[in-house]
Amino acid sequence: MNTSKSETVKEHPLKPSRRSMPCLAQSQTHPQSLSKHSSFLQPNRVQPQPQPLSAGTSTATIDVVSERAKVMETLENNLLKLSSTEYNDPFLGIGKDKDTYTDDSEHGNYDVRTDQSLLIESKLTRQKTEPRTKSSLKTDAMASSGLFFKDGKKRIDYILVYKKSSLQVEKRSTFEKNLRAEGLMLEREPAVTNSDIMFVKIHCPWETLCKYAERMNIRMPFRKKCYYTDWRSKTMGSLQRNMRELKSWLPRNPMKLDKEALPDLEETDCYTAPFSRARIHHFTINNKDSFFSNSTRSRIVHHMLQRTKYEDGKSKMGINRLLNNGTYEAAFPPHEGSHKSRHPIKTHGAQNHRHLLYERWARWGMWYKYQPLDLIRRYFGEKIGLYFAWLGWYTGMLIPAALVGLFVFLYGLFTMDSSQVSKEICEANETIMCPMCERNCTLQKLNESCIYAKVTHLFDNGGTVFFAIFMAIWATVFLEFWKRRRAVLTYDWDLIDWEDEEEELRPQFEAKYSQVERVNPITGKPEPFQPFPDKLSRLMVSVSGIFFMISLVLTAVFAVVVYRLVAMEQFASFKWYFIKKYWQFATSGTGVCINFMIIMSLNVVYEKVAYLLTDLEHPRTESEWENSFALKMFLFQFVNLNSSIFYIAFFLGRFAGRPGKYNKLFNRWRLEECHPSGCLIDLCLQMGVIMVLKQMWNNFMELGYPLLQNWWSRRKMKRRGQSMEHKISLPQWEKDWNLQPMNLHGLMDEYLEMVLQFGFTTIFVAAFPLAPLLALLNNIIEIRLDAYKFVTQWRRPMPARATDIGIWYGILEGIGVLAVITNAFVIAITSDYIPRFVYAYKYGPCTDQGYRQEKCLKGYVNSSLSVFDLSELGMGYSGYCRYRDYRAPPWSSTPYEFTLQFWHVLAARLAFIIVFEHLVFGIKSFIAYLIPDMPKDLCDRMRREKYLVQEMMYEAELEHLQRERKKNGKQYHHEWP
C-alpha cells in the first residue's frame, strides 16, 4: 500500500564533510500566503518539517583530551532513527513515490557553531523579494488577530480561561506565579463580549522549550537522510525510471491530492534524535521560532500545566484539578486562525494550516480524495492522526466487502424469479396455511406469501455461505494488515521508540488511598496504593452492576416481544385493508421502531451507570479509567443494540409449538411464529432499520448538535456585545472559546460508534449482505463529518501522542471471533440453506446423484410443510391446513410427532456449525500466521538506518572535537584526538 524508499546497502567511507549537511528549511513547501514573509516575522506558523533550532542555550563543554571510549559511550546513548515520511492517505492510505538518491550533503558544508549569533538565517526565496515594510504590517495584523501577545512577537501557545467572579483567586494566583517561575510568560486579556471572562495567554520562551524538550525526550531533526544504491537498486533504477515515465502518460488518479494543493506534504527527510541541550551542535540550526512546531509547543506547555502546583501538598498540582474545582473554566491550545478566507486558495494560497485542512480535507467536495494524514498529525497530534488513519483504512477495506455483498444481493435479485422455492410458493394457490393467531387471524393461502418469499431469496441464496466465509476472512485480513499499516505509520511518525510518560495518579485515587502507600517500582517514589481486597470487592460490585444493566436490556427486549404478541392480533383485525393484509410486516416494523427508541433511551442511562461503576472502581490513572469506561460502554451498547437481533435470529418461532398445542406467554398470548417463507426477512428488517436509523442519529449528534450549540453561543454573544460587534472583530482565542470543547471522553465516542458498526457489518452479515455497503456509504460521510467537526466546530484539542488504537483492537478481534460463531448459527438455524441442502441430497428428485441444481429442489415447499386437521381447533373450520415443521400427519400412527427428516436436518445443522467454525477459524489462523506484523523491508530499513546513524554520530562527534581543538589553538591531528 505504501511505496517505501529504496534499500540502502552500498558501503562508503563516512567522511565528516558528508555527514554535516543540515536538514534544510522547507522553503518551497508552504502555501503561497504562508511563504510571503519570513518565518522570523511569523512565529505562529507550524512548519511542515520541524525546523532546526538555534544555539540559544549554552553547549556542554567537551573535554578535548577525552578518550575514544568516552565518545563512543556518548554515541551509544544518543542512537538516532529516521524521521517521518509523509503519506497521503485516502480512505485506506496510499504512499507517495520517492526517488532513490545519494547523499545530498556531498557538496555542502555545514558550520556547526553553537553560538546564538551564528544562527543560520536562511529564508524562503519569496521572502527575499518581499519588502520589509509589508512584513512589518503583516506582523501587526497577525498580532491583532489573536495569535500573539500584545507586542506582536511572542506566539500564544496555550489559553487559560477563568471568570473574574470565581472565588478561587488564591489558587489561581499561586498557580500562575509558579508557571512564571518555571519559565513561562503570561499575559491577561479581558473578553470582548463578556466582562466576566478573562483570558490568560501563555507563551513558552526558547530556553524553556529546550529544557522541557530535553526532559520529555522529544525527537528533533539533526541530519538529512542519506541513501546509498547497491547493485540491486542500480539494476532496478532504469526500470523504475521507465515505469515513472509510463505513469506520467497515464491519466492522473483523481483521488490523489495535488502537490500544489498540499505543499506542506513535501517534506525533507531527516534523522531525528532525543533533543539535548548539551549536544545541540548535532541538531540543525535554522530558526528557533519554527524549530518546535505549534503542536509540539502546545504539548510542552500542557506538560508543564499538568505538573505545576497551586497549593502546598504533593497532590495539589495540575490544570485538570483546577478545571474540576472551578478555578479555570477552560484550557486549550489556540487554532492557527480562521478556517475560511475571502480569497480562493488556488490563487492566494492557504492562510494557515487550519485553512489548508479545511480546504483540502474537511470540505464536502473532498469526499473522494485521500486524507492528508501527515498534515492531520502535525496539527492535531499522533493520537487523532491514528484515529483517522484507522478510520480511513477500515473504510477502504470495506470496498471489497461491499462489492461482494452487493454481488450476492444482485445474484439473488436476478435469480429471484427462477428460484424453485419462490415458484412453488407463488403458484401454491390451493395450499391453505393454518391461522397464525388465536382470535382474529383468518385462513390464508400460501401464494399470499409470494412477495416475502422473493424478498427472502435476495438474502438467502446460494451465495450466502460463501459471503459468510468471505467476511470472516475479511475481518482477519483487515486486522492483520492494519497492524502492518500501524507499524509503517509509527515508524514514519517517529513513534517506534516512544514510550508513554509515567502517568500521574487520578485525584480521586489519591484522596481515597492517601493513607496507604508503597514505592512505585518505576519512579522509586512512594505513592498511594489500593489494597487487593478493596480492589477485588469494588470489581465484584462493578461486575454485578454490569450484569444488572444487561438484565435490564433483556427486560426491554422482553417488553418488545410482548408488544409484538399483542400487536399481532390487533393488526390482524385492523380496519385498514393494507395493514390487515400485511399485518406481519406492520408488527415487525412498529416493533423495530419501538425497539430503536428504547435503545437510544437506554444509551443515556448506560452512560451514567458506566460513569458511576468506573468511578466506584477507583482506577489508578486516567488511561486505566478510560479503558475501563470504554469496555463498559461497549458491553452495554453492544448488548443493547444486538439483543433484539439475537432474539429474532435464534429464538423467534423456535418455541411456538404446533397448531392445537401452541405455547402461550402467561397462558394468554400465543408465541410468535415465523412467516411461511422463513424468519430471515424479519432479521433483515430489524438489522436494516436499526443500522440506518442509528447512523442517521449519530451523524446528527456529531454535526447537527454542535452546529446548533455554536449558533446559540454566537446568538448570545451578539446580544451581549451588539454595540461593539460591528466595530471590533473578535480575537482568535475568543473565537475558540465560543466553540465547543472536544468530547469529555476524547475519541472514545468516535471509536465506539465505528466498532459497533463493525459488529453490525460482520456478526449477522449472512442475513444482511448489504451491511458492508451501508457501512461504506456511512463512513465516507463520517470521515468528512469528523473532519469538519474537528476543524470548524471544536476547539483545538491538545496534540497527544499514541502508538496504537488502544483497547479497541482487542475488542475488534473479539468481534471477529464472535462473527464466525453467529454466522454459522444464522446459516444453520435461521436460514433455510441446510433444509434445502438435506432435501436436495436425501429426499428430492436428485437423491444420490451427486450434484445439485434448481430442479433438485422440486417439491421442497411441500416437503417442509406439515399437515394439521382444522377440526381440532374448535373454530368451526373443517379440512386440513399446512404449517412449517417436520411432523407426521394426523392420519399416521404417531400423529404430530417429529419425522425422520426433522432429525436429518437437525444433524446436518449441527454438523455444519462444527465444520464451518473449524474451517473458518483454521483459515483465519493460517492467514494471521502468514501476514507478519511488520513489513520486512521496514525491518531491514530500520536496522540499516540504525547502523548508518551510529556512523554519522561518530563522524559528527569527531568533527566537532577537532573543530573545538583547532579553535582553542591546540595542535590539530587527522587522527583521533
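Values in this document were obtained by computation on a predicted structure and should not be read as measured data.
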Checklist line | Stepwise side chain to side chain contact (heavy atoms under 4.5 Å, CB included) check, Val561 with Phe651 | finding: CA-CA 11 Å; Val561 171; Phe651 297 99; over 6 Å; no
Find the distance between [atom1] ([X]) and [atom2] ([Y]) and round it off to the nearest 0.5 Å.
X: Ile425; Y: Thr456; atom1: CD1; atom2: OG1; answer: 8.0 Å
X: Ile473; Y: Phe470; atom1: CD1; atom2: CZ; answer: 8.5 Å
X: Leu857; Y: Ser419; atom1: CG; atom2: OG; answer: 7.5 Å
X: Lys694; Y: Ile690; atom1: NZ; atom2: CD1; answer: 10.5 Å
X: Leu631; Y: Phe636; atom1: CG; atom2: CZ; answer: 9.5 Å
X: Leu770; Y: Leu777; atom1: CG; atom2: CG; answer: 10.0 Å

Next item on the list: Output yes when Lys445 and Glu448 qualify as a salt bridge under the 4.0 Å nitrogen-oxygen rule, no when they do not.
Entry: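 Salt bridge flag = no for Glu448 with Lys445.
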Give every residue pair that meets the disulfide bond (SG atoms under 2.5 Å apart) criterion with at least one member in residues 877-923, sequence neighbours excluded.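 As it turns out, the disulfide bond (SG atoms under 2.5 Å apart) pairs with a partner in residues 877-923, which skip direct neighbours, are Cys434-Cys881.
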Please answer whether the main-chain N or O of [Y] pairs with a side-chain N or O of [X] as donor and acceptor at a distance below 3.5 Å.
X: Ser866; Y: Ala888; value: no
X: Ser588; Y: Asp682; value: no
X: Arg882; Y: Asn862; value: yes
X: Asn823; Y: Ala819; value: yes
X: Ser542; Y: Arg538; value: no
X: Ser551; Y: Phe548; value: yes
X: Glu424; Y: Val861; value: yes
X: Ser925; Y: Gly922; value: no
X: Asp460; Y: Ser831; value: no

[X] atom [atom1], over 12 foreign heavy atoms within 6.0 Å:
X: Lys483; atom1: NZ; result: yes
X: Phe407; atom1: CZ; result: no
X: Phe926; atom1: CZ; result: no
X: Ile451; atom1: CD1; result: no
X: Met696; atom1: CE; result: no

Walk me through it: do Leu776 and Thr395 pass the test side chain to side chain contact (heavy atoms under 4.5 Å, CB included)?
CA-CA 6 Å; Leu776 174 64; Thr395 305; 3.8 Å; yes
Phe868 ring center near Tyr880 ring center (under 6.0 Å):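 Between Phe868 and Tyr880, the centre distance exceeds or equals 6.0 Å.
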Between Trp474 and Phe478, is the ring centroid distance below 6.0 Å?
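Yes, close enough.
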Considering all heavy atoms, the nearest [X]-[Y] contact:
X: Thr761; Y: Met471; value: O-CE, 3.7 Å
X: Ile815; Y: Thr762; value: CG2-OG1, 3.6 Å
X: Leu870; Y: Pro435; value: CD2-CD, 4.5 Å
X: Cys426; Y: Asn447; value: O-CB, 3.4 Å
X: Gly463; Y: Val408; value: O-CG2, 3.9 Å
X: His457; Y: Gly412; value: CD2-O, 3.2 Å

Less than 4.5 Å apart, any side-chain heavy atom of [X] and any of [Y]?
X: Lys632; Y: Val609; result: no
X: Met754; Y: Asn778; result: yes
X: Pro895; Y: Arg887; result: no
X: Leu773; Y: Phe409; result: no
X: Val553; Y: Tyr606; result: yes
X: Leu693; Y: Met600; result: no
X: Glu782; Y: Gln757; result: no
X: Leu641; Y: Phe760; result: yes

Mind telling me whether [Y] and [X] have parallel, tilted or perpendicular rings, with 30° and 60° as the class edges?
X: Phe758; Y: Tyr394; answer: perpendicular
X: Tyr841; Y: Phe837; answer: tilted
X: Phe825; Y: Phe650; answer: perpendicular
X: His904; Y: Tyr843; answer: tilted

For Phe467 and Val404, run side chain to side chain contact (heavy atoms under 4.5 Å, CB included): C-alpha distance rounded to whole Å, both residues' side-chain angles, the deciding distance at 0.1 Å, then the answer.
CA-CA 7 Å; Phe467 188 55; Val404 176; 3.5 Å; yes
Practice task
Taking atom types as modelled, find out whether Tyr839 and Ser864 have a side-chain donor-acceptor pair closer than 3.5 angstrom.
Solution key: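 Side chains of Tyr839 and Ser864: no pair found under 3.5 Å.
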(message) Walk me through whether Ile599 and Trp697 qualify under side chain to side chain contact (heavy atoms under 4.5 Å, CB included).
(response) CA-CA 12 Å; Ile599 287 172; Trp697 176 259; over 6 Å; no
| message | Among Ile648, Ile681, Leu652, exactly one meets side chain to side chain contact (heavy atoms under 4.5 Å, CB included) together with Gln686. Which residue is that? | response |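 Result: among Ile648, Ile681, Leu652, Ile648 is the only option passing the side chain to side chain contact (heavy atoms under 4.5 Å, CB included) with Gln686.
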